[in-house]
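Written below as C-alpha cells is the structure these notes are about.
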Amino acid sequence: MKRKVFSRLMFSALMLLLLTVLVFTLSNMMTGNEVDLMRIENPEMTDETYQALLHERGLDRPAVVRYWDWLTSFLKGNMGTSTVQNRPVSGIIATRIGPTIILSFTALFLAVIIGVPLGIMSAYRPYSAWDNVASVVAFIGSSVPGFVLALIGIYVFSVKLQWLPTQGMYYSNGDHSLGDLLVHLVMPAILLSFGMLGSQIKQTRSAVLEVMNEDYIKTARAKGLTEFRVIVKHAFKNALIPIVTSIGLAVPRLFGGSVTIEKIFSWPGMGSFIISSINSRDFDPIMAVAVIICVITLVTNVLLDMLYVIINPKLSKE
Amino acid sequence: MEIKKRITGLVLALLFIVGSISGCNKSAVPDFESKDHAAPPTGSDEATSTMEKPDLVYALSTSWNTLFPYNTNNSDATMVSNKLFTLLTTPGDGAPEYMAADSVESIEDGYAILVYLKPACTWSDGTPCTAEDWIWTFETVTDPEFGLFNRTSNMNVIAGTDVSGIKSGDEALGVEFVDTNTFIMRFKTPESIDDFVDDARQFYCMPKHILGDTPISEIASSDFWYHPIGNGPCVFVDEPTTGQELLLQARDDYFLGELPFNKLTMIVVDKSNAANAFLNGEIDIFYPSLQDSVIDEVIGQNGVQMNVDKSTRTETGICINNEAVNVNVRKAIDLLLDKEVLVQIGTNGVGRPEGDLLNGDLSWYLTYNYERNVEGAKALLEAVDYDYNTVFKLGCTESNQNVAIAIQQFLSEGGIQIELTVNDGTTVFANQRSGDIDMCIVSFTSNYSVACMAVMFKNGAPMTHIKEDKWDRYISDINTSTSDDERIAFIHEYLQALRDECPIVALYSRPNRVVTSSKVTNVYSSAFGDCCWKWITK
C-alpha cells in the first residue's frame with residue numbers, strides 16, 4: 001500500500017512538472033508580453049526602451065532559461081512577482097484563494113447533496129416522475145452554459161425579484177458578516193453546481209441502476225430488509241466507486257468552471273485574477289495559479305485512490 | 001433507530017441551510033428605504049449636508065493593477081489613483097483645469113513654465129504638499145534607478161530626459177525649486193500652456209517626508225503603496241482584495257472642495273452585469289461606461305441617470321501601417337466607408353462620423369463634410385495601379401467586431417479586400433507594431449488638444465510605422481506660434497495634411513457618457529480622471 005501511494009505521488013510530481021512545461025510554453029506562445037502592454041499606455045516608447053525593458057524583466061532570454069529560473073525559484077517556495085501589480089504573487093493569491101475555495105466547495109457540496117439523492121431516486125423508480133425531473137435537471141445542467149444560466153439567474157432573482165445581489169462577495173457598505181457572504185454565495189454556488197449536477201445525477205443513476213439487479217439486492221429484499229436499507233446499505237454502497245470517481249473528477253472542472261462564474265459575479269477569487277493576469281501577460285501569476293489548480297487535481301486523484309481502498313478493502317489486496 | 005437518527009440529522013442539516021440563507025436574506029439584501037444602496041429618488045434636491053453625506057459605490061470594469069500612480073496600466077486604474085493623489089493639471093471643459101497647480105505661467109519663450117502651487121494642498125496625514133515634494137518626485141521618477149513604469153514616460157517632456165522620461169546625459173533635469181509653492185519646469189521644445197495641460201500628462205506627487213529616505217530603487221515596490229498616504233480627495237482605508245475592492249474615506253479638508261460623500265467603495269463589476277447591478281441598487285457609478293444600447297435601456301429605471309462629459313469624446317479610427325498601405329489606398333479606404341452606418345453599429349446612433357481623430361468640438365476646427373464617394377475611391381486606386389488581389393489584414397478586439405465586418409463589406413465595394421482577425425487588445429496592438437497585420441481599429445479618449453493624437457503619427461510611431469518628421473514639425477509650429485492667427489493657420493495646415501494623407505482613417509466619435517444611480521450626478525469620468533469633489537449627491 002505504502003509503495004503504491006509512493007509511486008502514485010511520484011507519478012503526480014512528474015505530471016505536475018510536465019504541466020508546468022506545457023503552461024509555460026503555451027503562455028509564451030501568446031502574442032505580446034507585459035512590455036507590449038506598457039507600449040499601449042506609452043505609444044512614444046522607442047524600440048531601444050522597449051528592448052531595455054525586455055532585458056530588465058528578463059523577457060529577452062531564451063524560454064528554456066526563463067523556465068528553469070522560474071522552476072528553481074518556485075521549488076524554493078517563491079511564486080515570483082506580478083510585474084503588473086509590482087507585488088509578490090503569493091501575497092495576491094493568499095487573498096484570492098479563499099473565495100475560490102468557498103465558492104467551488106459550496107458548489108461541490110450542493111451538487112453532491114442534490115445530485116446523489118436525485119440519481120438514487122431515478123434509479124430506484126426508473127421512468128417515474130422523479131426520474132423525469134432528474135433527467136430534465138441533468139439535461140439542463142449538462143447542456144446549458146454556465147454564463148447563460150448566470151445571466152438568467154441574475155435577471156430573475158436580482159433584477160426582477162430583488163432577492164439576491166448581482167455581484168461581489170459582500171455588500172460594499174456591509175459588515176462582511178457570514179450572512180452577507182451567504183446571501184452573495186447562493187446564486188454563483190448554485191449556478192456553478194448546476195454543470196456538475198447533471199453528470200452527478202446521471203452517474204449515480206447508472207451506477208445504482210446497475211447494482212439494483214444484482215443477486216445480493218434480491219437476497220437483501222428476500223431477507224425482509226426495508227427498501228431504504230436495501231438502497232442505502234446494499235445498492236448505494238456498492239455503487240459508490242463510480243459516484244466517488246465522478247465527484248473527484250468534478251473538482252478540477254469546478255475550479256475551471258468557476259473562472260466564468262467568478263468573472264460574471266465579480267467574485268474576488270482566483271478565476272478573475274487569472275483572467276486579468278492573462279490579459280496583462282503577467283506570467284508568474286499565470287504559472288502560479290496553473291500549478292495550484294494542478295496540485296488540487298493531483299491531490300484529489302491521490303485521495304480518490306485512497307478512498308477506493310477504504311470503500312472497497314479488496315482493492316488493497318489487488 | 002439508526003435510520004431515525006439519520007433522517008433527523010438530515011432534516012436538521014437542511015433546516016440549518018434553509019434557515020441560514022433565508023435569515024441572512026432578510027438582513028443582507030439592501031433595504032432601499034433605510035440603507036444607502038442607491039435609494040430611489042425622493043424628490044428632494046437639497047444640497048448635501050455634512051450629516052447626510054451618502055456612501056457611494058464606484059464600480060470599474062477591470063481590476064486596477066496598483067495604487068502606485070506611476071504604474072497604473074489602464075484608465076480604470078487611473079480612476080483609483082486619482083482618488084488618492086491629485087494631478088498637477090488636467091484637461092478641462094475647453095480650458096485648462098488646474099488641480100494641485102494654482103496657475104501656470106509661460107516663461108523663457110515657451111521653453112519653460114512657472115508653476116504656482118495651491119498652498120492649501122496637504123497630504124492626508126496633514127503635512128503640506130510643497131514644491132519640494134514635486135521637485136523630489138520629478139528627480140526620483142526620472143532617476144534611472146527608479147525603473148520604468150507605465151506612467152514614467154510622462155516625464156519625457158522635461159528637459160534633461162530621454163524619450164522614456166529618464167534623466168540622460170550631462171544636462172541637468174529641467175526642474176527648479178523657486179519657493180515653497182513655486183517651481184519651474186523646463187521643456188525640450190516649446191510648449192504652450194494649453195497644450196501642456198491638454199496633453200494630459202499625468203504628473204503626480206509622492207510624499208518626500210515619507211519616502212524620502214527609501215532607496216530610489218525600492219520606492220516603486222515599497223509597502224507604502226499597499227496603504228498609501230496621498231494628497232488626493234480620499235484617504236486609504238483598506239484594500240480587502242487586491243485590485244478588486246478598495247475602501248476609501250472622503251477627506252474633510254480637501255483643498256479643491258468639500259466632498260459630497262462620506263465613504264467611497266471602489267469595486268470591479270463585469271461589464272455584462274453592470275446594468276443589473278445598477279437596477280438592483282448595488283452600484284452608484286460605473287466606469288468606463290455601459291454599452292450605448294444598454295444605456296438607453298436602463299436610463300430612468302430605478303433612478304438611473306446619465307452624465308455626458310463635455311471635455312472629452314471617445315474617438316474610433318483605423319490605425320494603418322503607413323509603410324504597407326499606400327497613401328491613395330488609405331484615402332480610398334476613407335472614401336469607401338459609410339460612416340453613418342458605422343456610427344449606428346458602433347455607437348447605437350449616439351456618435352457622429354469624423355474626418356480626423358481630433359476633438360470635433362474645437363471652435364476653430366475645419367468643418368468636416370462627410371461624404372461617401374465610391375467612385376472617387378476607385379479613381380484613387382486606379383491612379384496607383386492598385387493590385388486588387390492584395391488582401392490586407394485588419395485586427396480588432398471583440399468589442400469592435402461588428403464594425404470591422406461592416407468595414408470589410410464597404411471596402412469590398414471598392415475592390416479592397418481585407419481579412420479580419422479578432423484578438424484581445426494586447427495581441428492586436430502587438431501585431432500592429434510588428435507588422436503582422438496592416439491595420440487595426442483603435443478607440444481612445446481625445447480632448448481639446450491638437451496634439452493629443454500626434455503621438456500616433458509622429459516619426460517612429462510603432463502603430464503607424466511612419467518614418468518622417470513632418471508630423472512632429474506641424475505640432476512644433478503650432479506650439480511655437482507667436483499669435484493666435486498664426487496658430488490657427490498652422491492648425492488648419494496640419495488638419496489639411498491629415499486629410500490629404502490619412503495617416504489614420506477616422507471613423508466616428510461618441511460622447512463619453514457616465515451612468516450613475518439616483519444618488520449622484522455631475523460625474524464626468526474620462527481617461528484623464530474625474531473630479532469627485534464636483535459630484536452632486538442627494
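Remember, it's a predicted structure, so these values are computed and weren't measured experimentally. Residue numbering restarts at 1 for every chain, and letters A, B, ... go by the order of the sequence lines.
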Are there more than 12 heavy atoms of other residues, nucleotides or ligands under 6.0 Å from atom [atom1] of [X]?
| X | atom1 | answer |
| --- | --- | --- |
| B:Lys263 | NZ | no |
| B:His227 | NE2 | yes |
| B:Tyr226 | OH | yes |
| B:Glu398 | CD | no |
| B:Lys271 | NZ | yes |
| A:Phe157 | CZ | no |

To the nearest 0.5 Å, what is the distance between OH (A:Tyr171) and OG1 (B:Thr265)?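 It is 14.0 Å, given to the nearest 0.5 Å.
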How far does CG of B:Asn65 sit from OG of A:Ser82, to the nearest 0.5 angstrom?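 That separation rounds to 8.0 Å.
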Mind checking whether B:Asn276 and A:Ser158 have side chains closer than 4.5 Å, heavy atoms only?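 B:Asn276 does not reach A:Ser158 side chain to side chain.
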Is there a donor-acceptor contact under 3.5 Å from the side chain of B:Thr426 to the main chain of A:Ser280?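 Pair absent, no side-chain N/O of B:Thr426 close to backbone of A:Ser280.
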Is there a donor-acceptor pair under 3.5 Å between the side chain of A:Gln162 and the backbone N or O of B:Leu279?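 Confirmed, A:Gln162 side chain pairs with B:Leu279 backbone.
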Identify which part of [X] has an atom lying under 4.5 Å from any heavy atom of chain A, answering side chain, backbone, both or neither.
| X | result |
| --- | --- |
| B:Val269 | both |
| B:Ala59 | neither |
| B:Thr62 | neither |
| B:Gln432 | neither |
| B:Gln301 | neither |

ring-ring contact (aromatic ring centres under 6.0 Å, His included) partners of A:Tyr50, counting only residues at least two apart: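 Result, ring-ring contact (aromatic ring centres under 6.0 Å, His included) vs A:Tyr50: none returned.
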Among all residues two or more places apart in sequence or in another chain, which pass the ring-ring contact (aromatic ring centres under 6.0 Å, His included) test with B:Trp64?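 Per chain and number, B:Trp64 pairs via ring-ring contact (aromatic ring centres under 6.0 Å, His included) with no residue.
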Quick check: closest heavy atoms across [X] and [Y], and the distance to 0.1 Å?
| X | Y | result |
| --- | --- | --- |
| B:Ala430 | A:Gly32 | CB-CA, 4.1 Å |
| B:Phe149 | A:Met38 | C-CE, 3.5 Å |
| A:Thr83 | B:Asn71 | O-ND2, 4.2 Å |

Closest-packed option against chain B by number of heavy-atom pairs under 4.5 Å, given A:Thr166, A:Leu151, A:Val84: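 Most pairs with chain B among the choices: A:Thr166.
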Among B:Asn423, B:Asp424, B:Thr72, B:Leu67, single out the residue with the greatest number of heavy-atom pairs under 4.5 Å to chain A.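 When all of B:Asn423, B:Asp424, B:Thr72, B:Leu67 are compared, B:Asp424 has the most.
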Show your working on side-chain contact (heavy atoms from CB on, under 4.5 Å) between B:Ile267 and A:Gln167 and close with a plain yes or no. CA-CA 10 Å; B:Ile267 57 171; A:Gln167 51 76 37; 3.7 Å; yes
Pairs meeting criterion side-chain hydrogen bond (donor to acceptor under 3.5 Å, both in side chains) with involvement of residues 261-274 of chain A, two or more places apart: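 Residue pairs with at least one partner in residues 261-274 of chain A: A:Arg96-A:Ser272, A:Thr100-A:Glu262, A:Lys263-B:Asp270.
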For chain B, which residues of residues 85-94 of chain A have at least one non-hydrogen atom nearer than 4.5 Å to it?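 Within residues 85-94 of chain A, the residues under 4.5 Å from chain B are A:Gln85, A:Asn86, A:Arg87, A:Pro88.
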Side chain, backbone, both or neither: which part of A:Asn33 has a heavy atom under 4.5 Å from chain B?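 When you check distances to chain B, only backbone atoms of A:Asn33 fall under 4.5 Å.
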